[in-house]
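These numbers come from a predicted model, not from an experiment. Reckoned from all heavy atoms, side chains included, excluding hydrogens, waters and symmetry mates.
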Amino acid sequence: MSTEFTFKVLATDGKARRGEITMPRGTIRTPAFMPVGTGGTVKTMYMDQVRDLGADIILGNTYHLMLRPGAERVARLGGLHEFARWPHPILTDSGGFQVMSLSKLRKITEKGVTFRSHIDGAPYEMSPERSIEIQGLLDSDIQMQLDECTALPAKEREIERAMELSLRWADRCKTAFGDQPGKAMFGIVQGGDNARLRERSAQALASLGLKGYAVGGLAVGEPQDVMLDMLDVTCPELPADKPRYLMGVGTPDDIVKSVARGIDMFDCVMPTRAGRHGLAYTRRGKVNLRNARHADDHRPLDEESDCPAARDYSRAYLHHLVRSQEALGAMLLTWNNLSYYQSLMQGLRDAIEQGRYAEHVAEVSEGWARGDIPAL
């Protein structure tokens, strides 16, 4: 395995890219979907299951792990890979989004952000340097810069202020990260729904010569067409030989349309959160197992799925588990959902290699549009 962090594009179809990230802890096939392991766990899943579904990398969250159990404690226990029994690559986000969205009392200055924990109200300080330090203590393979994520809609001057601050913080994060062989720090493009600011942010970050670049501040309430418009102006400004990561996205439809615009990496809580609330993602679209129509249905969720949760359990049983709030219901539906997402990504990778991305996406979209099988 490579001792350095490298990325290469293996095939293209239009703007869609089939690539490969190599690093000491493993290879990441792109386009890639990273299951979210916020607090050192992909909720309701065993790590072996997550790996067996095809995940090459998972995501951990700096904010949550610094609060509980604490970054220094994780470091003493051997780092997040050892702690969570995941020996493969891990990306950690910087904690900035959670600070902005979860902390009721926060103050942003040039130095960083001060805030109170959403758990017990304890005060904390997070600077760009401290964010990188925490991610280092966690032994993260891909570390994200600290940024300020602006909720949309917002006024242009507020978006610009946050974007410029994020650029200055990116420079400080790069210095704090230094030279870590085999690891990477990614910058985060901000700029809200303003094309000019997105271009400015992407160009400035590209000039820093980082190992990868993320697009942040999207899928935060704006319509999908706005998100796609921002990708159209942002991706061409980012280096073609570096991976591009769209943070917090998203639905299967978001993913296929973003890959078509040149995005390589994704993460989202959607498949795991939906699984805990009775919603299944399938090749026929979304299926709500809470609905009474499933109560007497002996058929599986998807008889063609490779995932036992979708193939071997009846809809009636899944419905019963969900309505009874049994833990097994969340476990099985999360298993199904992550299986579907990884299957979707493999299909996209194969289609790019075969030069039939548009045709493949049309076939997948047609399956979603047809909808679920008729009720008995």
Side-chain angles (χ1 to χ4, degrees), residues 32-39 41-56 58-59 84-86 249-256 266-351 360-376:
F33 179 81
M34 300 180 284
V36 176
T38 301
T41 170
V42 178
K43 293 185 189 303
T44 76
M45 295 286 289
Y46 296 110
M47 287 300 189
D48 291 345
Q49 282 180 300
V50 176
R51 180 64 172 178
D52 289 345
L53 292 177
D56 297 327
I58 62 171
L59 180 143
R85 293 191 68 251
W86 176 267
V249 174
T251 67
D253 188 55
D254 287 338
I255 288 173
V256 299
F266 302 87
D267 82 280
C268 190
V269 299
M270 205 166 287
T272 48
R273 180 176 291 166
R276 299 194 303 277
H277 291 86
L279 189 65
Y281 285 92
T282 78
R283 60 191 172 89
R284 302 184 182 102
K286 291 185 288 187
V287 178
N288 186 351
L289 271 303
R290 298 189 65 85
N291 289 347
R293 59 163 285 189
H294 303 292
D296 293 302
D297 197 331
H298 63 275
R299 298 171 297 181
L301 190 56
D302 185 352
E303 70 286 350
E304 294 183 13
S305 174
D306 292 330
C307 178
R311 186 190 63 223
D312 298 342
Y313 293 84
S314 73
R315 289 165 178 248
Y317 184 57
L318 295 172
H319 170 79
H320 158 69
L321 294 175
V322 170
R323 293 298 293 266
S324 303
Q325 298 184 350
E326 290 286 350
L328 183 59
M331 294 166 67
L332 290 174
L333 291 181
T334 301
W335 191 9
N336 166 80
N337 289 350
L338 288 178
S339 173
Y340 178 74
Y341 267 65
Q342 294 300 340
S343 175
L344 175 70
M345 303 315 293
Q346 185 60 57
L348 299 183
R349 291 192 292 264
D350 291 344
H360 176 72
V361 169
E363 293 164 4
V364 170
S365 300
E366 183 182 352
W368 297 336
R370 265 199 309 269
D372 195 17
I373 55 177
L376 286 176

Heavy atoms from other residues, nucleotides or ligands near CG of D312 exceed 12 (cutoff 6.0 Å): yes
Inter-residue atom distance E326.CD - Y317.OH, 0.5 Å rounding: 7.5 Å
Matching residue for V322 among H277, H294, R290 - test: side chain to side chain contact (heavy atoms under 4.5 Å, CB included): R290
Value rounded to 0.5 Å, distance of CG in L53 from CE in M345: 14.0 Å
Pairwise distance OG1(T272) to CE(M45) - rounded to 0.5 angstrom: 9.5 Å
S339 backbone acceptor or donor facing S343 side chain under 3.5 Å: no
Residue pair A309 / L318: nearest heavy atoms and the distance that separates them: O-CD1, 4.3 Å
Minimum heavy-atom distance between Y313 and P308, given as atom pair plus value: CD1-O, 3.5 Å
Side chain to side chain contact (heavy atoms under 4.5 Å, CB included) between N336 and D302, intermediate numbers included: CA-CA 10 Å; N336 166 80; D302 185 352; 5.7 Å; no
Heavy-atom check, side chain of L301 versus side chain of T282, under 4.5 Å: yes
Heavy-atom pair with the smallest gap, counting every atom of V50 and P35: CG1-CG, 3.9 Å
Whether over 12 other heavy atoms sit under 6.0 Å from R51 CZ: yes
Residues, nucleotides or ligands: over 12 heavy atoms within 6.0 Å of D306 CG: no
Test item: V42 and L338 side chains (from C-beta on) under 4.5 Å apart, heavy atoms: yes
NZ/NE/NH1/NH2 to OD/OE distance under 4.0 Å, R315 and E303: no
Spacing of CG belonging to L332 relative to OG1 belonging to T44, to within rounding of 0.5 Å: 9.0 Å
L333 side chain near L321 side chain, heavy-atom distance below 4.5 Å: no
D52 CG to Q342 CD distance, which is reported to the nearest 0.5 Å: 11.5 Å
Heavy-atom check, side chain of Y340 versus side chain of S305, under 4.5 Å: no
Exam field: side chain H319 to backbone N291, donor-acceptor pair closer than 3.5 Å: yes
Geometric class of the Y341/Y281 ring pair [parallel <30°, tilted 30-60°, perpendicular >60°]: perpendicular
Exercise: identify the closest heavy-atom pair between P252 and W368: CB-CZ2, 3.4 Å
Which atom of R293 lies closest to which atom of P374, heavy atoms considered: NH2-C, 3.6 Å
Side-chain heavy atoms of L376 within contact of D296, under 4.5 Å: no
CA sep, side-chain torsions, deciding dist, call: I255, L348, side chain to side chain contact (heavy atoms under 4.5 Å, CB included): CA-CA 10 Å; I255 288 173; L348 299 183; 4.1 Å; yes
Atom pair CD/CD of E366 and E363 - distance to nearest 0.5 Å: 8.0 Å
Side-chain (N337) to main-chain (L279) donor-acceptor, under 3.5 angstrom: yes
Flag side-chain contact, heavy atom, 4.5 Å: T334 against K43: no
